[in-house]
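I have placed the structure first, in the form of structure tokens, so that the comments after it can refer back to it.
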Amino acid sequence: MILNCVIVDDEPIARKLLQEYIEETDFLALVGTAENPLKAAGLIRSIDVDLIFLDINMPKMNGMEFLRSSPNLPMVIMTTAYGQYALEGFEMAVTDYLVKPFSLERFLKAAQKALELKLLKDKAANEKTEPGHFYVKCNGRLERVNYDDLLYVEALANYVTLHTAKEKLVVYLTLKGILEQLPKEKFIQVHKSCIVNIDKINSIEGNILHIGNSRITVSLNFHDVVMKGILKDRFLKR
């Protein structure tokens, strides 16, 4: 399992160190950085994020204010020079609290805690009856889409096109809205307007994924995350 991470910190040196630590951790992938929570909010809405590394003392809005005003955030690990906020942070269910400067060893301990929490949540979700499909409204009626039939999803503004082996369904939804309905072990976002079914990838050529007769480009921003997820979770096991 790969956890998609975002760094929210106004200090370039702190962001660089966190990026280096994330790159050293095989189950973490950095998908974005932000200098303050206001910029982070837009980033989190637009891409799939599992874990936020959040500083406290930042301009415009500090980390604690961000936590209080955003009840549906992904997992959060606080990274700050101010230890006095630890109790309040844990009361708001942060995953861990790192006081700067912290070592790679301490960072890995916090990251492992986040991974174990994510695995527990996914296990609990998987224990529920998995229907193997979802429904979308298309042309005035509900259409059933089986996960195994879905090849990839393309987005354009507030519409998405679901490409299956037999048909295309144009649906009034956002890409993030569709992504939330798809099992993460089967589907992965490859750029800001496309999600692919990992099991339907026939081959990989550079930054091009071949799915049936289609060629899907992996964007530079998503490349490392995508290749890490695809190769580790699928092709290397065959």
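The analysis underlying the following values was restricted to heavy atoms, covering all of them including side chains, and did not include hydrogens, waters or symmetry mates.
The distance from atom CD of Glu20 to atom CG of Leu104, rounded to the nearest 0.5 Å, is 10.0 Å. A distance of 12.5 Å separates CD1 in Ile216 from CD1 in Ile204, rounded to the nearest 0.5 Å. Note that CG of Leu119 is 8.5 Å distant from CD of Gln112, once rounded to the nearest 0.5 Å. Of the inter-residue distances, the one linking Ile22 atom CD1 with Leu17 atom CG reads 10.0 Å to the nearest 0.5 angstrom. Distance check, rounded to the nearest 0.5 Å: OG1 of Thr79 to CD1 of Ile56 gives 8.5 Å. Remark: Asn4 CG to Lys184 NZ distance equals 6.0 Å, nearest 0.5 Å.
The nearest pair of heavy atoms linking Phe90 to Thr95 is CE2-O, 4.2 Å. Contact detail for Cys194 and Leu175: the closest heavy-atom pair is N-CD2, 3.6 Å. Here the shortest heavy-atom pairing between Glu143 and Cys138 reads CG-CB, 4.0 Å. Contact between Pro59 and Asp10 at its shortest, heavy atoms only, is CD-OD2, 3.6 Å.
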Worksheet item: How far apart are the C-alpha atoms of Leu117 and Met75, what are their side-chain angles, what is the distance that settles it, and do they pass the side chain to side chain contact (heavy atoms under 4.5 Å, CB included) test?
Response: CA-CA 9 Å; Leu117 181 60; Met75 293 182 292; 3.6 Å; yes
Practice prompt. Take Glu154 and Leu162 through the test side chain to side chain contact (heavy atoms under 4.5 Å, CB included) and record every step on the way to the result.
Written response: CA-CA 7 Å; Glu154 287 183 301; Leu162 308 179; over 6 Å; no
Practice prompt. Before giving the answer on side chain to side chain donor-acceptor pair (under 3.5 Å), spell out for Asn139 and Arg141 the whole-Å C-alpha distance, their side-chain angles and the decisive distance to 0.1 Å.
Written response: CA-CA 6 Å; Asn139 296 325; Arg141 65 180 185 180; over 6 Å; no
Discussion item. Pair Leu182, Tyr147 - check side chain to side chain contact (heavy atoms under 4.5 Å, CB included), show working.
Written reply: CA-CA 8 Å; Leu182 300 174; Tyr147 297 140; 4.1 Å; yes
Worksheet item: Taking it one step at a time, do Phe134 and Asn146 satisfy side chain to side chain contact (heavy atoms under 4.5 Å, CB included)?
Response: CA-CA 7 Å; Phe134 64 103; Asn146 294 323; over 6 Å; no
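The shortest distance between side-chain heavy atoms of Tyr97 and Ile77 does not fall below 4.5 Å. Side-chain contact between Met78 and Val99: absent, with no pair of heavy atoms (C-beta onward) separated by less than 4.5 Å. Within the 4.5 Å cutoff, side-chain heavy atoms of Val31 are placed close to those of Val6. Within the 4.5 Å cutoff, no side-chain heavy atoms of Phe66 are placed close to those of Met64. For the pair Glu35/Pro12, no side-chain contact is recorded, criterion being any heavy-atom separation below 4.5 Å from C-beta on. Val49 has its side chain out of reach of Arg45: every pair of non-hydrogen atoms, C-beta onward, lies at least 4.5 Å apart. With a 4.5 Å cut-off on side-chain heavy atoms, Val136 and Val145 count as touching. Side-chain contact check for Asp148 versus Lys186: some heavy-atom pair is nearer than 4.5 Å.
When ring centroids are compared, His191 and Phe222 stay outside the 6.0 Å threshold. A ring-centre distance under 6.0 Å is found for Phe107 and Phe53.
Between Glu11 and Arg15, no side-chain nitrogen of the basic residue sits less than 4.0 Å from a carboxylate oxygen of the acidic one, so the salt-bridge criterion is not met.
Taken together through direct or relayed side-chain contacts under 4.5 Å among Ile, Leu, Val, Met, Phe, Trp and Tyr, Leu30 and Leu108 form part of one hydrophobic cluster. When hydrophobic clusters are built by joining Ile, Leu, Val, Met, Phe, Trp and Tyr residues whose side-chain heavy atoms come closer than 4.5 Å, directly or via intermediates, Leu169 is not grouped with Tyr135. Under the 4.5 Å side-chain heavy-atom criterion for ILVMFWY residues, a single connected hydrophobic cluster contains both Leu38 and Val76. By the criterion of side-chain heavy atoms lying less than 4.5 angstrom apart, applied directly or through intervening Ile, Leu, Val, Met, Phe, Trp or Tyr residues, Leu73 is grouped together with Met61 in one hydrophobic cluster. Under the 4.5 Å side-chain heavy-atom criterion for Ile, Leu, Val, Met, Phe, Trp and Tyr, Val218 and Ile208 are members of distinct hydrophobic clusters.
In terms of modelled atom types and a separation under 3.5 Å, the side chain of Thr164 and the main chain of Lys166 share a donor-acceptor contact. With hydrogens and angles disregarded, a donor-acceptor distance shorter than 3.5 Å links the side chain of Asn36 to the backbone of Lys39. Counting only distance, with no hydrogens or angles, the side chain of Ser214 and the backbone of His210 share no donor-acceptor pair below 3.5 Å. Within the 3.5 Å criterion, the main-chain N or O of Asp199 finds a donor-acceptor partner in the side chain of Asn197. Between the side chain of Asp50 and the backbone N or O of Pro74 there is no donor-acceptor pair closer than 3.5 Å. Side chain of Lys192 to backbone of Ser46: no donor-acceptor contact under 3.5 angstrom is found.
Just one residue in the list Val190, Leu151, Ile211 forms a side chain to side chain contact (heavy atoms under 4.5 Å, CB included) with Ile201, and that residue is Ile211. Remark: of the listed residues Leu3, Leu51, Leu28, Leu3 is the sole one forming a side chain to side chain contact (heavy atoms under 4.5 Å, CB included) with Leu115. Paired with Phe187 under the rule side chain to side chain contact (heavy atoms under 4.5 Å, CB included), one option of Leu150, Asp48, Ile198 passes, and it is Leu150.
A 6.0 Å sphere centred on OH of Tyr82 holds no more than 12 heavy atoms belonging to other residues, nucleotides or ligands. Within 6.0 Å of atom NZ in Lys113, more than 12 heavy atoms from other residues, nucleotides or ligands are found, so the atom counts as buried in its surroundings. Taking a 6.0 Å sphere around CD of Glu105, one finds it holds 12 or fewer heavy atoms contributed by other residues, nucleotides or ligands.
Within the structure, the salt bridge (Lys or Arg N to Asp or Glu O under 4.0 Å) test picks out the following pairs touching residues 54-80 (sequence neighbours left out): Asp55-Lys100, Arg68-Glu88.
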